[in-house]
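All ligand and atom numbering here is 1-based and tracks the order in the structure. We use all heavy atoms of the structure for the numbers below, so side chains are in, but hydrogens, waters and symmetry mates are not. For the single chain, residues carry numbers from 1 onward in sequence order.
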Amino acid sequence: MQETLRLFIAIELNPEIHLNLARIAVELKKERNDEIRWVNPDNIHLTLKFLGDTPQRNISSLSETLKQTVFGFLPFEIVVKGTGCFPDARHPRVLWAGVNAPVTLFELQSNIDRALLTIGIPKENRPFSPHLTLARLSDRTPEAVNSKEPQKAAPFQNTVFGQMLVERVTLFQSTLTPRGPIYTALVRLPLKSTG
Ligand code: ATP
Ligand code: MG
């Protein structure tokens with residue numbers, strides 16, 4: 001049998017953003033609700049592409065392709081601001097923090113998507129909507145609870161959680177465990193340095 005790893009590509013956040021997102025999770029968790037699965041604040045990241053189970057022998061060509069693509073971009077600033085829900089506030093499945101970013105982020109994401117297609121990784125069919133997943137609500141969560149979550153998050157609608165210069169992209173391995181996923185950075189690929 002072929003060895004596979006569950007992979008995804010993401011932008012890691014700086015300590016200030018992690019800290020501020022951990023703080024709002026503490027606030028929102030005060031009204032405790034076990035139906036809601038909070039993402040461990042240390043694990044929060046900006047997903048660019050989810051690859052899923054990938055044969056181990058493909059990882060070196062994947063890393064090489066990713067390296068070439070990422071190196072075509074100059075560093076850019078992102079601002080983490082506000083909260084919202086997918087698919088919408090009435091049927092929240094994901095509670096997220098927003099990411100304000102220049103067009104470069106969208107170009108980076110679509111170039112990665114396109115480059116990976118050349119090595120057989122299917123393109124994303126949904127439009128890229130940059131966000132940081134803070135919590136997941138199951139569709140078994142009672143409607144009453146679901147509808148309260150976005151309201152609780154509403155005071156943070158315009159809160160700035162931090163900003164950072166994006167200088168690299170990370171290929172992560174995700175190991176799912178009963179106690180939550182463990183993310184391991186496999187390689188960090190730099191954007192083009194101006195210095
Ligand atoms: P869990 O699945 O236990 O809730 P998780 O979603 O954090 O944990 P993974 O499922 O391994 O862990 O996902 C890793 C990252 O890829 C997360 O940011 C997740 O939101 C994203 N992701 C997972 N599946 C998809 C998908 N089908 N499309 C887009 N992004 C995805
Ligand atoms: Mg998942």
Side-chain angles (χ1 to χ4, degrees), residues 3-14 17-18 20-22 24-25 28-29 33-56 58-59 62-63 65-66 69-70 78 80 82-88 91-101 105-117 119-141 145-146 149-150 153 161-162 164 166 168-189:
E3 286 287 325
T4 63
L5 302 181
R6 184 181 177 91
L7 302 180
F8 66 99
I9 297 164
I11 291 170
E12 295 177 77
L13 307 171
N14 68 16
I17 296 171
H18 280 291
N20 287 329
L21 294 177
I24 80 146
L28 296 176
K29 270 192 253 183
N33 199 302
D34 291 331
E35 293 283 336
I36 295 159
R37 286 186 303 133
W38 291 90
V39 178
N40 173 346
D42 296 336
N43 274 353
I44 298 173
H45 57 266
L46 172 55
T47 305
L48 296 177
K49 185 160 179 78
F50 179 73
L51 304 163
D53 290 330
T54 308
Q56 208 154 13
N58 294 359
I59 292 177
L62 168 65
S63 306
T65 303
L66 195 56
T69 308
V70 169
I78 59 171
V80 178
T83 55
C85 293
F86 287 142
D88 59 65
H91 313 93
R93 297 294 308 279
V94 166
L95 180 66
W96 47 257
V99 176
N100 295 354
L105 174 65
F106 295 80
E107 290 169 355
L108 174 64
Q109 188 274 342
S110 74
N111 279 24
I112 289 173
D113 215 21
R114 207 168 333 128
L116 296 190
L117 184 64
I119 56 165
I121 295 164
K123 274 177 90 129
E124 204 56 63
N125 47 22
R126 287 185 303 190
F128 176 55
S129 175
H131 67 278
L132 311 178
T133 297
L134 303 179
R136 295 190 178 84
L137 293 80
S138 85
D139 52 7
R140 287 172 294 122
T141 307
V145 171
N146 260 349
E149 277 318 302
F161 300 110
M164 61 174 274
V166 175
R168 62 190 67 82
V169 164
T170 305
L171 176 64
F172 276 103
Q173 177 182 0
S174 168
T175 311
L176 301 180
T177 82
R179 303 181 60 191
I182 298 167
Y183 299 148
T184 312
L186 296 182
V187 267
R188 295 190 167 96
L189 295 322

Please classify the Phe172 to ligand 1 contact at 4.0 Å (heavy-atom distances, strictly less than): side chain, backbone, both or neither.
neither

Which heavy atom in Ala135 sits nearest to a heavy atom in Ile36, and how many Å separate them?
CB-CG2, 3.8 Å

List every atom of ligand 1 that sits less than 4.0 Å from any heavy atom of Tyr183, numbering the atoms from 1 in the order shown and giving each element.
5 (P), 7 (O), 12 (O)

Under 3.5 Å, N or O to N or O, is Glu124 touching ligand 1 that way?
no

May I ask you to list the atoms of ligand 1 that are less than 4.0 angstrom from any heavy atom of Ser174?
9 (P), 11 (O), 12 (O)

Where's the contact between Arg126 and ligand 1, heavy-atom distance under 4.0 Å: side chain, backbone, both or neither?
side chain

Have a look at ligand 1 and work out which part of Leu176, if any, has a heavy atom under 4.0 Å from it: side chain, backbone, both or neither.
side chain

For atom 20 (O) of ligand 1, grab the closest protein heavy atom and report residue, atom and distance to one decimal in Å.
Arg136 NH2, 3.1 Å

Exercise: identify the closest heavy-atom pair between Met164 and Ile11:
CE-CG2, 4.4 Å

By number and element, which atoms of ligand 1 are closer than 4.0 Å to a non-hydrogen atom of Arg6?
9 (P), 10 (O), 11 (O)

Protein contact to atom 8 (O) of ligand 1 [nearest heavy atom, distance to 0.1 Å]:
Pro181 CG, 3.4 Å

Taking the side chain as every heavy atom from C-beta outward, state whether Asn20 and Ile24 have any atom pair closer than 4.5 Å.
no

Closest to atom 17 (C) of ligand 1 among protein heavy atoms sits His45 NE2, 3.6 Å

Please write down residue, atom name and distance for the protein heavy atom closest to atom 27 (N) of ligand 1.
Phe50 CD2, 3.9 Å

Do ligand 1 and Arg37 have nitrogen or oxygen atoms that lie under 3.5 Å from each other?
yes

Minimum heavy-atom distance between Ala101 and Ile78, given as atom pair plus value:
CB-CG2, 3.7 Å

